[in-house]
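Scroll down for the structure; my scribbles are underneath it.
Below, read A as the first sequence line, B as the second, and so on, with proteins coming before strands; counting in each chain starts at 1.
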Amino acid sequence: MIASGGIGDVFARARAERRAALIPYVVAGDPDRETTLAVIDALTQAGADLIELGIPYGDPLADGPTIAAAGQRALGAGIKFADSIEIAAQARARGAAPILFFTYVNPVDHYGAERFARDARDAGAAGAIVPDVPLEELDAFAPPLRAAGLAIPLLIAPTTPHARAARIAAASSGFVYLVSRLGVTGARREPDVGWVAAEIARLRTTTQLPIAVGFGISTPAHVAAIGAVADGVVVGSAVVDSYAGSRGDEAAAKVGAYAASLRAALPSRG
Amino acid sequence: MSIQTEQTPDARGYFGRFGGVFVPEVLMEALARLEQATREAFADPAFWSEYEGLLRDYVGRPSPIYHAERLVDGPHAPIIFKREDTNHTGAHKINNTVGQALLARRMGKTRLIAETGAGQHGVATATIGAKMGMQVDVYMGAVDVERQALNVYLMKLLGATVYPVESGTRTLKDATNEAFREWAARVEDTFYVIGSVVGAHPYPYLVREFQKVIGVEARAQILERYGRLPSDVVACVGGGSNAMGIFRGFVDDGAVNLWGVEAAGHGVREIDTAASLNAGSVGILHGSRSYVLQDGEGQVRDTHSISAGLDYPGVGPEHSFLKDSGRARYVAIDDDDALAAFHHTARREGIVPALESAHAIAFAQRLAAERGPDGLIVVNLSGRGDKDVRTVAALEGTEVLK
Ligand SMILES: Cc1ncc(COP(=O)(O)O)c(C=O)c1O
C-alpha cells in the first residue's frame, strides 16, 4: 500500500536520508496565535519533518499536565477551533512543514466531522489524530476525513493485544502511532527501547505503513535511541516546555534551538 | 431479595444513541477485561451472595422506608423516604463501592483508585478498601480538598491517600480526568472505582446494577406497606447513580412517573448551573456520549451547585436515553429551594438530608401538593447531611470548624 498524501512524502524523504522523521508537537494558540506561527516556522527551519498541531481542548484525557496547561493557555487566549485551522493554513502558506492535527472527539463533534475534513484539507493539513476515538467508534468520524484525502494515524498502546494491534494498523493511514509507554503524554520515564524495538518488529509483519513512536520522549538521547528503530519520533511535552513562558521571537529562538538538538540526535541508519 | 441482571446496553455500550466507549487506546483492553469480568461475575450466584451479605451485614440493608408526614401542610400526597442515609458511611455510594471492590478482587487487582467531589464516594471507596485490605488512592480537585476538609481527613483515617488535582477547574470533572489518566498509567494492578453511572461502557451499566438494590427494595417495601405502586418516584441527579438505582425498580411499571431532579445552581438559564439534562447539549465527556454542559465549541463549562455531589457537567448516558424516550422527566431545583428543603426537613422530620437529596425533597414537596391525597410519592433520600453542616453554617455566618 502506498502511504497517503503529504505524510507519505514525509516518511519517504526521511527514509531516503536514512533517518527517522522528527515530529514535534505544539498547541495552536499557546500562548497566542503569532507565537505559534513563529514557533512553527522555527521548527520547520530546525528540520522538523511533520508538525503535530494540537487543537486545544479543556479536558484532554490522553495528555499530562504540560500539554493540558498549554491547552488552557490557548483557550484562555480565546483560540477557537476555526482559529487552529487558520493557524495551520497560514503556516502552510508560508512554507511550513506538513501539519497533522491532534485533538479530541468532542470539539470535532461540535465543529462537525464533514466541516473539519473540508476545512483541514483546504488549510493544507495532512491529517488528524483523535486519540479518544478508538477503532470501534471510528466510523462515526473517519469517513469524511478519508474522503478528503486526510490521513488518520491510529494509536497502539503497550496494553493493546497483538491481534487488535494488527486491526488498528490496518485501519490507520499515513502512519501507525506506537505509544511507547503506559499513561499519558509528558511523563519523564526512560522509554523501554527494547520493548519498542520488539513491538515495531512485530508490527512490521502486519503493516507496510511507517511506524512513529511517541509519549514520554523528551531528550536528544531518547530521540537517538528511538530514532534507531522507528520511522518517526514524536516529541510533545518537552517541545511545549522548551518555550513555555516566552512569546514571539524569543519563543521561536528557544524552540528552534531545542528542535535542532533533537534533529542532530537522530541517528543515521545504514 | 435477589438481584437479577437484565436490560443491558447493546454490545458497543449504547443506550439508544447514548453511551459508547471514547477513551484512549491504552484503556481499551482494561475496559474489555472489565466487561468480561463483569459478565462472568453477574452470572455467578456466589458473587451476588457475597455482595448481598456485605450489604446486609456491613452496609445495613435493607434500608427502611419512612413516611415523612410533617413535610407538607394541607391536602397532599404522602411522601415516603427511601432511607439511603441510614447506610454505613451515610449515602447510597457504598452500594456501588462494595460491588466494584468485589469485582476488583475477583480480577486480582490490589489497588483501588477513585475520583471524588464532595468526598462521599472517596470515603465509600476508602471504607471498603480498608475492609478488604486494598490500597486506595483518591483524586480530588484542589478546590474540593479545601472545601471538604472533613472528608479528606476521614479518607486518611481510613488509610487512603488523597491526591489534590490542580488541573482545569480543580473540581470533580478534573478529578475524574485525573483518575482516568492514573488508570492509564497503572492499568495492570489498578481498578478504577467510578462513583456514578458515568464513564465509558461498561461503567454506566455495572454501577446501575450495583445501585438497583435501592429500587428493588423500595418497590417491594411500598407494595407491602401500601398495597399499591407509587404515583411518582423522585431522585436527585448528579452523575445519576442513586436515581438510576431507584428508577430501575420501577422502570417497567409504566404508570409510575419517574422524576430526576438536577441542580439548577443559580438557575438553569444562568451560566452558574449544574443541570446537564435541562441546560446541556449532546456531547462526549469522560468516555461516553450524553448530555453535557458545554459551549458551542464542545468545551466543557464550569458548573455551580451548592451541593458538591451534584456539581458535575455531565450525566449518565442511560438518563439521557430515558429523557429522550420520555420514560423519565428531568426538572431542576436551585440552590435556594434546596437549602430551604434542607432546613425544613431537619425541623419537621428530625432528619438532616444531604444537600443533594434536599433537591429531590424540594421538588417532591411541590409535587405532593399537586398530586393531592391520591398520589403516593417515593423520594430517594440518597444521603445524610452531616457532611454539609459546615457549608450550611458558613452560609449563615457561623464557623463550625476551621
Ligand atoms: C448523598 C448524595 N446524593 C447524590 C449524589 C449524586 O450522585 P449520583 O447522581 O450519582 O447519585 C452524591 C454524590 O456525591 C451524594 O453524596
Side-chain angles (χ1 to χ4, degrees), chain A residues 55-69 71-72 75 79-84 103-112 129-137 139-141 154-161 164-165 168 177-179 181-187 189 215-216, chain B residues 10-14 17 19-33 165-170 173-190 199-201 281-290 292 294-302 313-314:
Chain A
I55 300 178
Y57 179 54
D59 294 272
L61 268 194
D63 287 307
T66 302
I67 290 175
Q72 290 294 341
L75 293 171
I79 295 293
K80 304 282 189 233
F81 199 93
D83 296 325
S84 297
T103 189
Y104 287 84
V105 63
N106 204 42
V108 171
D109 219 39
H110 277 66
Y111 195 75
I129 294 177
V130 185
D132 56 349
V133 177
L135 194 56
E136 288 74 5
E137 296 287 353
D139 283 350
F141 108 108
L154 301 179
L155 276 61
I156 291 174
T159 49
T160 307
R164 179 176 171 84
I168 292 174
Y177 192 137
L178 178 64
V179 174
R181 39 180 299 290
L182 289 178
V184 294
T185 58
R189 237 182 290 152
F215 279 45
Chain B
D10 74 16
R12 293 166 62 228
Y14 278 88
R17 65 182 172 128
V21 179
F22 295 90
V23 296
E25 173 61 23
V26 65
L27 291 174
M28 291 302 290
E29 177 62 10
L31 287 167
R33 286 191 202 166
V165 174
E166 301 284 354
S167 59
T169 54
R170 307 192 297 157
K173 159 180 87 71
D174 309 285
T176 307
N177 289 339
E178 209 52 36
F180 270 110
R181 290 176 184 133
E182 179 55 29
W183 195 30
R186 258 183 79 174
V187 73
E188 287 305 324
D189 71 342
T190 297
H201 178 67
S281 55
V282 176
I284 292 162
L285 175 66
H286 295 146
S288 54
R289 192 185 293 277
S290 195
V292 178
Q294 57 193 339
D295 66 16
E297 293 259 306
Q299 301 288 349
V300 180
R301 268 163 49 182
D302 290 0

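- For B/Val282, the part lying near chain A is the backbone, with the side chain staying farther off; criterion is any non-hydrogen pair under 4.5 Å.
- The most heavy-atom pairs under 4.5 Å with chain B, out of A/Leu154, A/Leu61, A/Leu155, A/Val130, come from A/Leu61.
- Of the listed residues (B/Gln294, B/Arg289, B/Glu297), the one with the most heavy-atom contacts under 4.5 Å to chain A is B/Glu297.
- Ring-plane geometry between A/Phe215 and A/Tyr177 is classed as perpendicular, the angle between the planes exceeding 60 degrees on a 0 to 90 degree scale with a lower cut at 30.
- For the pair A/Thr160/B/Glu29, no side-chain contact is recorded, criterion being any heavy-atom separation below 4.5 Å from C-beta on.
- For A/Asp59, the parts lying under 4.5 angstrom from a heavy atom of chain B are both the backbone and the side chain.
- Highest contact tally toward chain B, considering only A/Pro158, A/Pro131, A/Gly64, is held by A/Pro131 [criterion: heavy-atom pairs under 4.5 Å].
- Within the 4.5 angstrom heavy-atom criterion, no atom of A/Leu135 approaches chain B.
- Only the side chain of A/Gln72 comes within less than 4.5 Å of a heavy atom of chain B; its backbone N, CA, C and O stay farther away.
- With a 4.5 angstrom heavy-atom cutoff, B/Glu166 does not touch chain A via any of its atoms.
- Taking each heavy atom of B/Trp183 and B/Ala30 in turn, the nearest pair found is CZ2-CB, 3.7 Å.
- Options B/Arg12, B/Glu178, B/Arg181 differ in how many heavy-atom pairs under 4.5 Å they form with chain A, and the most are formed by B/Arg181.
- Residues passing the side chain to side chain donor-acceptor pair (under 3.5 Å) test with B/Asp174 are B/Thr169, sequence neighbours excluded.
- With hydrogens and angles ignored, the 3.5 Å screen pairs a side-chain donor or acceptor of B/His286 with a backbone N or O of B/Lys173.
- In this structure, the portions of A/Pro60 lying under 4.5 Å from any heavy atom of chain B include both its backbone and its side chain.
- Using a distance-only test at 3.5 Å, with no hydrogens or angles considered, a donor-acceptor pair links the side chain of A/Thr103 to the main chain of A/Ile55.
- Remark: side-chain polar atoms of A/Asn106 are paired, donor with acceptor, to backbone N or O of B/Ile284 under 3.5 angstrom.
- A/Asp109 places no side-chain N or O within donor-acceptor distance of the main-chain N or O of A/Gly112, the cut-off being under 3.5 Å.
- Heavy-atom distances place both the backbone and the side chain of A/Phe81 under 4.5 Å from chain B.
- A/Pro107 touches chain B through backbone and side chain together, each having a heavy atom under 4.5 Å away.
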